[in-house]
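Accompanying notes for the structure given below.
Since we're looking at a predicted model, the values are computed, not measured. When reading the values below, keep in mind they use all heavy atoms of this one structure, side chains included, and skip hydrogens, waters and symmetry mates.
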Amino acid sequence: MLRVIRKDLIMNRNALVANLLIMSAVLVFMSSWEEGASVGAFAFFAGIMMAFVPVMVVTREDKFKAMALGCSLPVTRETIVRSRYALAVGSSALGVLLALSLGALVPTSELSAAELFRPGVVFQALSITTIVIAILLPFTLRFGALGLILVLGASQVLGIVALTFVKMTESSADRRLIGTIIQTVRDVHGRLGDPGFYLLLVGFLAAALLVSYGISVWVFRRREF
């Protein structure tokens with residue numbers, strides 16, 4: 001598995017560096033925006049952006065027809081999928097920590113290290129990147145770049161449909177739903193305290209990754225090249 005990860009890093013090193021530089025520039029701008037700098041928003045977008053770094057590796061392999069080459073190596077398809085998830089979790093977690101450090105250390109930043117490295121903020125960013133990875137990897141491993149387009153397109157369509165429904169019916173169901181979710185999370189946090197809540201969150205994220213991994217193995221074994 002480590003050899004497969006090493007191959008992915010070597011083959012995609014230029015693209016990884018380019019993407020990280022672009023993301024760093026965006027994050028520096030976000031942290032330095034005097035009127036709109038927000039710890040929550042910074043953590044949210046950092047989590048999303050870092051989740052797309054490992055996904056980019058899979059979509060590039062599909063674009064350049066390199067997935068067939070990987071499957072011709074003396075490794076099982078399950079090993080290939082496992083290496084993708086190990087690389088995704090490791091690189092995105094490291095990316096999140098680097099993003100938060102960047103937001104804290106850049107001289108023009110409006111955000112402080114004390115705010116950015118609160119446990120709640122760190123877990124927020126890591127949770128977002130983990131959930132995005134768990135959703136995207138099965139689609140990209142099965143359909144390649146088309147899978148990413150399908151997920152993003154479906155999300156936009158669902159958002160438009162939901163917004164149209166709310167506008168036409170003048171319903172407040174969206175606000176009630178979001179409010180209920182936030183209140184439920186706060187209630188659970190209040191009952192369990194920080195240690196119990198974060199332990200529960202880690203368990204939930206681990207379960208999401210395991211389910212995603214199982215689906216990815218199933219679909220990747222059936223993919224033809």
Side-chain angles (χ1 to χ4, degrees), residues 8 12 15-33 36-60 62 84-106 109-111 115-141 143-160 162-163 174 177-178 181-182 185 198 201-202 204-209 211-213 215-216:
D8 291 338
N12 294 280
L16 287 170
V17 171
N19 277 271
L20 287 174
L21 288 175
I22 294 171
M23 291 177 180
S24 297
V26 173
L27 291 169
V28 167
F29 172 78
M30 287 185 61
S31 66
S32 305
W33 189 17
S38 162
V39 172
F42 186 89
F44 178 82
F45 284 106
I48 289 181
M49 283 190 283
M50 294 308 161
F52 277 88
V53 172
V55 170
M56 178 269 298
V57 173
V58 179
T59 56
R60 274 176 55 83
D62 177 72
R84 296 290 182 272
Y85 274 80
L87 177 61
V89 172
S91 63
S92 59
L94 178 61
V96 164
L97 294 178
L98 290 175
L100 295 178
S101 299
L102 183 66
L105 296 176
V106 66
S109 177
E110 298 290 327
L111 307 173
E115 292 176 318
L116 286 167
F117 283 95
R118 291 202 318 267
V121 175
V122 175
F123 269 96
Q124 177 187 341
L126 291 175
S127 299
I128 291 167
T129 197
T130 301
I131 292 171
V132 173
I133 286 171
I135 293 172
L136 289 180
L137 277 184
F139 286 93
T140 52
L141 285 169
F143 300 107
L146 177 60
L148 179 61
I149 295 172
L150 289 173
V151 174
L152 296 179
S155 301
Q156 289 183 341
V157 170
L158 289 174
I160 292 171
L163 181 61
D174 57 333
L177 176 62
I178 294 173
I181 294 173
I182 293 174
V185 172
Y198 293 135
L201 180 59
V202 169
F204 169 78
L205 296 175
L209 281 175
V211 171
S212 175
Y213 170 76
I215 295 172
S216 292

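The structure places CG of Leu201 at 10.5 Å from CD of Gln124, a figure rounded to the nearest 0.5 Å. In this structure, CG in Leu137 is found 5.5 Å from OG in Ser216, a value given to the nearest 0.5 Å. If you take CG on Leu136 and CG on Leu150, they are separated by 11.0 Å, rounding to the nearest 0.5 Å. To the nearest 0.5 Å, atom CG of residue Leu27 and atom CD1 of residue Ile22 are 12.0 Å apart.
Between the side chain of Thr140 and the backbone N or O of Leu148 there is no donor-acceptor pair closer than 3.5 Å. Using modelled atom types, no side-chain atom of Ser32 and backbone atom of Phe29 make a donor-acceptor pair closer than 3.5 Å.
Between Phe117 and Leu97, the closest heavy-atom pair is CZ-O, 4.1 Å. Considering every non-hydrogen atom in both Thr129 and Leu126, the closest pair reads CG2-O, 3.2 Å. For Phe143 against Gly147, the heavy-atom pair with the smallest separation is CB-N, 3.5 Å. Between Pro138 and Ile215, the shortest heavy-atom distance links the atoms CB-CG2, 4.0 Å. Here the shortest heavy-atom pairing between Ser31 and Phe42 reads CB-CE1, 3.8 Å. Taking all atoms of both residues into account, the shortest heavy-atom contact from Ile133 to Ser212 is O-OG, 4.3 Å.
Side-chain contact between Val89 and Thr130 is absent, with no heavy atoms from C-beta onward closer than 4.5 Å. You'll find the side chain of Val96 reaches within 4.5 Å of the side chain of Leu100, heavy atoms only.
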Practice item. Walk me through it: do Leu98 and Leu102 pass the test side-chain contact (heavy atoms from CB on, under 4.5 Å)? Key: CA-CA 6 Å; Leu98 290 175; Leu102 183 66; over 6 Å; no
Only distances under 3.5 Å count here; give the side-chain donor-acceptor pairs of residues 44-60 to other protein atoms, sequence neighbours excluded, each with its distance to 0.1 Å.
unit_1, atom_1, unit_2, atom_2, d
Thr59, OG1, Val55, O, 3.3
Thr59, OG1, Met56, O, 2.9
Arg60, NE, Asn12, OD1, 2.8

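Tyr213 and Tyr85 have perpendicular rings, their planes meeting at more than 60° on a 0 to 90° scale where under 30° would count as parallel.
Residue pairs meeting the side chain to side chain donor-acceptor pair (under 3.5 Å) criterion with at least one member in residues 87-104: none, sequence neighbours excluded.
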